[in-house]
There are 2 protein chains.
Amino acid sequence: MNFEYLIKTHNLKVTAQRVSILENMNNYGHINIDELFLEVKKNFNNISLATLYKNINLMIKNSLIKEVKIASYKSKYEIKKDTHAHILCTVCNEFEDLDFNCSLAVDNVEKTTAYKIDNSEFIFSGICQKCQ
Amino acid sequence: MNFEYLIKTHNLKVTAQRVSILENMNNYGHINIDELFLEVKKNFNNISLATLYKNINLMIKNSLIKEVKIASYKSKYEIKKDTHAHILCTVCNEFEDLDFNCSLAVDNVEKTTAYKIDNSEFIFSGICQKCQ
DNA sequence: ATCCAAAACGATAAAAATTATCCTTTAGGA
DNA sequence: TCCTAAAGGATAATTTTTATCGTTTTGGAT
């Protein structure tokens with residue numbers, strides 16, 4: 001994935017710190033602030049936590065990344081892609097994307113509520129096969 | 001709704017503060033910590049914010065209430081009931097329950113992933129009819 | 001009704017998470 | 001190469017949440 005291009009097309013200046021943030025989000029799939037801070041520190045020993053927060057907030061505002069809030073866990077951040085559901089194992093804490101057709105549900109809800117839906121969050125949680 | 005009974009059956013001692021917390025959650029449907037603090041203060045002028053946090057955490061642990069986390073909003077709390085979806089208007093911030101068949105989706109996901117699902121969160125957001 | 005221990009309360013301190021400020025450095029267009 | 005707006009790091013301040021502690025209350029046993 002070309003992170004420089006991704007940053008540019010979202011009207012932000014390209015910095016090495018930002019590229020590193022996106023690289024790590026991409027490697028992890030989803031990453032929380034503490035994990036991200038540790039990872040980015042490997043490249044930029046003196047990166048400020050404030051810089052991390054500022055970038056995350058800015059990238060969210062500019063629709064480059066997305067925050068996923070999960071009850072009793074820290075927020076996770078991911079690079080924006082097509083709407084997709086998530087599934088969490090509350091035993092091993094594995095958290096993954098799900099191949100689930102969200103648009104069917106969205107269409108249905110738009111019809112019954114007359115809302116214009118522009119975002120939907122689906123989080124399933126339970127116990128994965130390995131942990132059962 | 002009998003809140004005393006609800007508290008007792010969840011193995012907690014009945015206090016006037018807890019009843020007030022549940023009453024307000026029930027009245028609002030969903031309420032965040034700040035709103036709840038203001039409301040409960042009307043009955044208990046000297047209630048401590050710490051007490052509110054302690055009770056919320058305890059009631060969550062004992063499955064009496066539930067936290068709903070929403071990106072870029074403060075968490076909302078609601079009395080536990082059957083799994084249901086939520087919908088948010090990002091213009092007027094109205095937040096309501098949705099009559100949406102979650103169990104169909106859960107069944108589907110259980111089959112395709114081999115997870116044992118015990119909870120699911122569905123949050124739709126967009127613009128309600130009035131705000132369009 | 002009274003007593004008692006565990007639990008809950010309020011006040012407050014402490015810790016954790018997030019944001020703001022300020023000065024220096026850098027990105028990227030002119 | 002120059003210049004300005006933006007980004008970085010350091011740090012302070014603010015906000016949010018949790019822990020502590022002494023007092024009070026709940027609810028079961030007497």
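By convention in this document, chain letters (A, B, ...) are assigned in the order of the sequence lines, proteins followed by strands, and residues within each chain are numbered from 1. Since this is a predicted model, take the numbers as computed values, not measurements.
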Colleague: Can you tell me the distance, in whole Å, between the CG atom of A:L22 and the P atom of D:dA7?
Modeller: 14 Å
Colleague: Ignoring hydrogens and geometry, is there a side-chain-to-backbone donor-acceptor pair from B:N55 to B:R18 under 3.5 Å?
Modeller: no
Colleague: Looking at B:Q17, I'd like to know whether one of its side-chain N or O atoms comes within less than 4.0 Å of OP1 or OP2 on C:dG10.
Modeller: yes
Colleague: Residues in salt bridge (charged side-chain N to carboxylate O under 4.0 Å, His left out) with B:D107, at least two apart?
Modeller: none
Colleague: What is the distance, rounded to the nearest whole Å, between atom CD1 of B:I47 and atom P of D:dT24?
Modeller: 18 Å
Colleague: Rounded to the nearest Å, what distance is computed from the CG atom of residue B:N55 to the C1' atom of nucleotide C:dA8?
Modeller: 8 Å
Colleague: Starting at CD1 of A:I56 and ending at C1' of C:dT18, how long is that distance when rounded to a whole Å?
Modeller: 11 Å
Colleague: Can you check the A:L58 CG to C:dT18 C1' distance for me, whole Å?
Modeller: 16 Å
Colleague: Under the side-chain contact (heavy atoms from CB on, under 4.5 Å) test, which residues partner B:Y73, sequence neighbours left out?
Modeller: B:I70, B:L88, B:T90, B:N93
Colleague: Phosphate oxygens OP1/OP2 of D:dG9: is one of them under 4.0 Å from a side-chain N or O of A:N45?
Modeller: no
Colleague: Would you please name every residue forming a side-chain contact (heavy atoms from CB on, under 4.5 Å) with A:K66, sequence neighbours left out?
Modeller: A:E78, A:K80, A:N119, A:E121
Colleague: Which residues in residues 26-41 of chain B have at least one heavy atom lying under 4.0 Å from any atom of DNA chain C?
Modeller: none
Colleague: Provide, to the nearest angstrom, the distance between the NZ atom belonging to A:K69 and the P atom belonging to C:dA17.
Modeller: 14 Å
Colleague: Quick one: do A:K116 and A:E110 make a salt bridge, cutoff under 4.0 Å?
Modeller: yes
Colleague: Under the salt bridge (Lys or Arg N to Asp or Glu O under 4.0 Å) rule, what pairs show up with a residue in residues 3-15 of chain B, not counting sequence neighbours?
Modeller: none
Colleague: Ring pair (Phe, Tyr, Trp, His ring centres under 6.0 Å): which pairs involve residues 15-34 of chain B, sequence neighbours left out?
Modeller: B:H30-B:H86, B:H30-B:F95
Colleague: For A:R18 and for A:N46, find the nucleotide of DNA chain D with the closest heavy atom, then tell me which residue's nucleotide is more 5'.
Modeller: A:R18
Colleague: Does some side-chain heavy atom of B:L98 sit less than 4.5 Å from a side-chain heavy atom of A:T112?
Modeller: no
Colleague: Base, sugar-phosphate, or nothing: which does B:K8 touch, judged by heavy atoms less than 4.0 Å apart?
Modeller: nothing
Colleague: I need the CG-C1' distance between A:N11 and D:dA6, as an integer number of Å.
Modeller: 13 Å
Colleague: If the condition is ring pair (Phe, Tyr, Trp, His ring centres under 6.0 Å), which residues does B:F100 pass it with, not counting sequence neighbours?
Modeller: B:F122, B:F124
Colleague: Find the distance A:F44:CZ to D:dG8:C1' and express it as a whole number of Å.
Modeller: 11 Å
Colleague: Partners of B:F3 by ring pair (Phe, Tyr, Trp, His ring centres under 6.0 Å), sequence neighbours excluded?
Modeller: none
Colleague: So, using side-chain contact (heavy atoms from CB on, under 4.5 Å) as the criterion, who are the partners of B:K111 when residues are at least two apart?
Modeller: none
Colleague: With 3.5 Å as the limit, what N/O pairs link the protein to nucleotides 28-30 of chain D?
Modeller:
none

Colleague: Tell me, which pairs form a ring pair (Phe, Tyr, Trp, His ring centres under 6.0 Å) where one or both residues lie in residues 35-57 of chain A, sequence neighbours left out?
Modeller: none
Colleague: Which letter, B, S or -, goes with each nucleotide of nucleotides 19-26 of chain C from 5' to 3', with contact meaning a protein heavy atom under 4.0 Å?
Modeller: BBB-----
